[in-house]
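What follows is one structure encoded as structure tokens, with my remarks underneath.
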Amino acid sequence: MNITSLKLNKNSNTPLYIQLFTLLKENVISGNISDGEKMPSRRQLMTELSLSKSTVEQAYGLLEEEGYALSKAKSGYYARAESPVNTDIDEPDYYYNEGIVITMSHQLTSPESYPQKEITKLYRDTVYDMPELLGFGHKFGEKPLRQAISSSLNSLHGFGCTPDRVIIGAGTDYLIEQLAHTLPSDTVFGFENACFARSYVPVRNSGAKITLLENSLEAFSVGKLKKSNIDIIYTSPDGGYPTNYRMTAEERKALLSWAYEKENRYIIEADFDLDISNNKNAEALFSSDTEDRVIFMGTFAKSIAPSLKTAYMVLPKKLKEAFNKTLPYYTSLCSRFEQQTIAKYIQSGKYEGHCNYLKKFYNQRRNLLIKELKASPLWEYIKIFNCQGGTYFIISVNNGMKEGELKAAAYKNGVKVMPLSVSFIKAQSFPENLFITGFGALTPSDIKNAVKRLEKAWLNVNTTVS
């Protein structure tokens, strides 16, 4: 790009580093600086724009924090057209791209998996039979739902909690931001990198301090955690997004030991797929917590329907008291009708049966996709990681193409795939060409079609599938 086109106003009240950050960001978003293109060096900007080193470094620091640049050791900064801290939430027209026939998303689920008749009837009955729900409800959520969640956690996962420790909210992103406001201002949150941006962004926006931990496809590093300044770590022992890695018994034990070593250390256990996990060894960390240091977070988006915004967290007694004191005017912002409907569904006993159905449902989809990949010429170039449960697994593609080429080729052939790299907040050493391969919304025919299209895309065949 032409650096002299960056017009800075040195007489403005807006700091120069903010001006530079804004201009570079606009150039990335507009495409004037292409995705993946190396950005101007610090020395170039300092020389041609007569800026100080600290001004340029502050601007690039903001770009990296917002996700519009990635730094690479001894190489410089590279543009990211789509901010990785937002991509897995609302990548521009991610679900509705023109020409896309199949979307292999970790978030989407199949309409076949929704208990539509039961939920529709319960919701209708709730609206007609409980007009009192039009008024204000309890700030921590409907009591029947908090009781139902307490009972469900016990029946599905073998651990109990009293209903008064359950807080209902309109999504886990809302709940975790409220939690961040509850804790002391010097509390340091820890997130793995790559991470689930829908949880990272609200904590960052709350102004809380954050430390990133490098993660991998094959381990959770408690050693790195112990060497950090983290007070509260966000993780998913039974399958963390985006790696889908499941902690070993030794790692779980070590993680709890870390929390017990110091007062006011906590673990946020965000196992959103736990209710439908097909992992026979699936076990909530919460069930092994003997010192009240685990905060459990859950939703019904995968187990009932994605449109449900009802989420919950189970707080340790000490934090519940702090939550109540710090946020006296908290309100769950979650429909009382929706809460009561979910409560009735759980209380009916059908929710547990539905979760067991989903375990088989997604296991069949997973096995079919793996079977089709193994039968494909693609198999020679593919390796699968972490396919024990959930609605996705990770694949690496090593056919000589680069990540951007693989994504573009798949898109050209009608398949939307998501590179794992979009979930990085900051660049780190990680295997290349990894893709989050979702199958939750795919029918058997979709799965077969997807593999055929990827064959065309990734085996350097010039024709496209109609």
Side-chain angles (χ1 to χ4, degrees), residues 88 91 93-120 239 241-242 244 272-279 299-308 345 350-351 353-379 382 384-395 397 406-407 409-420 435-459 461 463-466:
D88 76 330
E91 179 180 350
D93 59 354
Y94 179 77
Y95 299 114
Y96 305 104
N97 294 91
E98 183 179 353
I100 292 298
V101 178
I102 297 169
T103 299
M104 303 189 79
S105 169
H106 66 287
Q107 296 194 69
L108 298 181
T109 53
S110 170
E112 296 175 65
S113 68
Y114 309 156
Q116 182 177 348
K117 291 182 179 179
E118 292 88 346
I119 292 297
T120 301
Y241 179 84
N244 209 28
F272 302 133
D273 289 347
L274 190 64
D275 285 1
I276 62 171
S277 174
N278 196 56
N279 177 17
T299 73
F300 301 96
K302 289 281 188 74
S303 56
I304 300 181
S307 64
L308 297 182
Y345 187 52
K350 293 181 179 179
Y351 178 71
H354 182 65
C355 288
N356 289 329
Y357 160 74
L358 290 179
K359 292 176 183 179
K360 297 178 182 178
F361 180 88
Y362 290 122
N363 191 46
Q364 290 173 349
R365 295 291 195 270
R366 181 187 308 105
N367 289 341
L368 177 59
L369 179 53
I370 293 173
K371 177 183 176 182
E372 291 297 317
L373 287 171
K374 286 183 175 180
S376 166
L378 274 177
W379 187 245
I382 285 178
I384 294 177
F385 299 89
N386 303 338
C387 58
Q388 304 97 321
T391 57
Y392 71 97
F393 51 74
I394 306 300
I395 64 170
V397 185
L406 291 164
K407 182 180 178 181
Y411 182 101
K412 182 180 178 182
N413 283 273
V415 181
K416 186 71 175 181
V417 292
M418 181 183 287
L420 186 146
F435 289 86
I436 302 166
T437 309
F439 50 81
L442 306 185
T443 65
S445 60
D446 286 337
I447 289 173
K448 295 178 181 180
N449 190 11
V451 173
K452 291 295 182 184
R453 288 173 180 272
L454 290 177
E455 283 180 15
K456 294 289 184 181
W458 293 346
L459 293 180
V461 177
T463 57
T464 58
V465 181
S466 61

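Here, residue 1 is the first one in the sequence, and each next residue gets the next number. Just so it is clear, the structure is predicted and the values come from calculations on it, not from any experiment.
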Find the distance between [atom1] ([X]) and [atom2] ([Y]) and round it off to the nearest 0.5 Å.
X: L420; Y: T437; atom1: CG; atom2: OG1; answer: 10.0 Å
X: H354; Y: D275; atom1: NE2; atom2: CG; answer: 10.5 Å
X: T391; Y: F272; atom1: OG1; atom2: CZ; answer: 13.0 Å
X: N363; Y: L358; atom1: CG; atom2: CG; answer: 12.0 Å
X: R365; Y: E112; atom1: CZ; atom2: CD; answer: 5.0 Å
X: I382; Y: W379; atom1: CD1; atom2: CH2; answer: 7.5 Å

Which residues satisfy the side chain to side chain donor-acceptor pair (under 3.5 Å) test with [X], sequence neighbours excluded?
X: N356; value: none
X: T120; value: none
X: N386; value: none
X: S113; value: Y362

Holding to side chain to side chain contact (heavy atoms under 4.5 Å, CB included), I want the full list of residues that pass it with [X], two or more places apart in sequence or in another chain.
X: K360; value: none
X: A305; value: Y114, S307, L308
X: S376; value: L378, V451, E455
X: A409; value: M401, A457, W458

- Task: Under the ring pair (Phe, Tyr, Trp, His ring centres under 6.0 Å) rule, collect the residues that match up with Y351, sequence neighbours excluded.
- Result: F300

- Message: I'd like to check the ring pair (Phe, Tyr, Trp, His ring centres under 6.0 Å) partners of Y345; sequence neighbours left out, ordered by chain and number.
- Response: none

- Message: Can you classify the ring geometry of Y392 versus H106 as parallel (below 30°), tilted (30 to 60°) or perpendicular (above 60°)?
- Response: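 Correct class here is perpendicular.
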
Can you name the closest pair of heavy atoms from [X] and [Y] and give their distance?
X: P419; Y: V417; answer: CD-O, 3.7 Å
X: L459; Y: P377; answer: CD1-CB, 3.7 Å
X: T109; Y: P306; answer: OG1-CG, 3.2 Å
X: M104; Y: A450; answer: SD-CB, 4.3 Å

- Item | K359 atom NZ, over 12 foreign heavy atoms within 6.0 Å |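 Result for NZ/K359: enclosed.
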
[Y] and [X], any side-chain heavy atoms less than 4.5 Å apart:
X: D446; Y: F439; answer: no
X: I384; Y: L373; answer: yes
X: I304; Y: I119; answer: yes

- Does the pair I370 and F393 meet the rule for a side-chain contact (heavy atoms from CB on, under 4.5 Å), with working shown? CA-CA 10 Å; I370 293 173; F393 51 74; 3.9 Å; yes

- Not counting sequence neighbours, which residues clear salt bridge (charged side-chain N to carboxylate O under 4.0 Å, His left out) with D273? List them please. K302

- Task: Could you please spell out the steps behind the side-chain contact (heavy atoms from CB on, under 4.5 Å) verdict for E372 and L368?
- Result: CA-CA 6 Å; E372 291 297 317; L368 177 59; 3.9 Å; yes

- Task: Verify, without hydrogens or angle tests, whether R453 (side chain) and A410 (backbone) share a donor-acceptor contact under 3.5 angstrom.
- Result: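 No, R453 side chain to A410 backbone: no donor-acceptor pair under 3.5 Å.
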
- Item | Donor-acceptor under 3.5 Å (T103 side chain, S105 main chain) | no

- Message: Please determine whether side-chain contact (heavy atoms from CB on, under 4.5 Å) holds for the pair V415 and I100, giving the CA-CA distance in whole Å, both sets of side-chain angles, and the decisive distance to 0.1 Å.
- Response: CA-CA 6 Å; V415 181; I100 292 298; 6.0 Å; no

- Task: Would you tell me whether T443 and S445 have side-chain atoms, one donor and one acceptor, within less than 3.5 Å of each other?
- Result: yes

- Query: Can you list the steps and then say if N413 with K452 is a side-chain contact (heavy atoms from CB on, under 4.5 Å)?
  - Reply: CA-CA 10 Å; N413 283 273; K452 291 295 182 184; over 6 Å; no

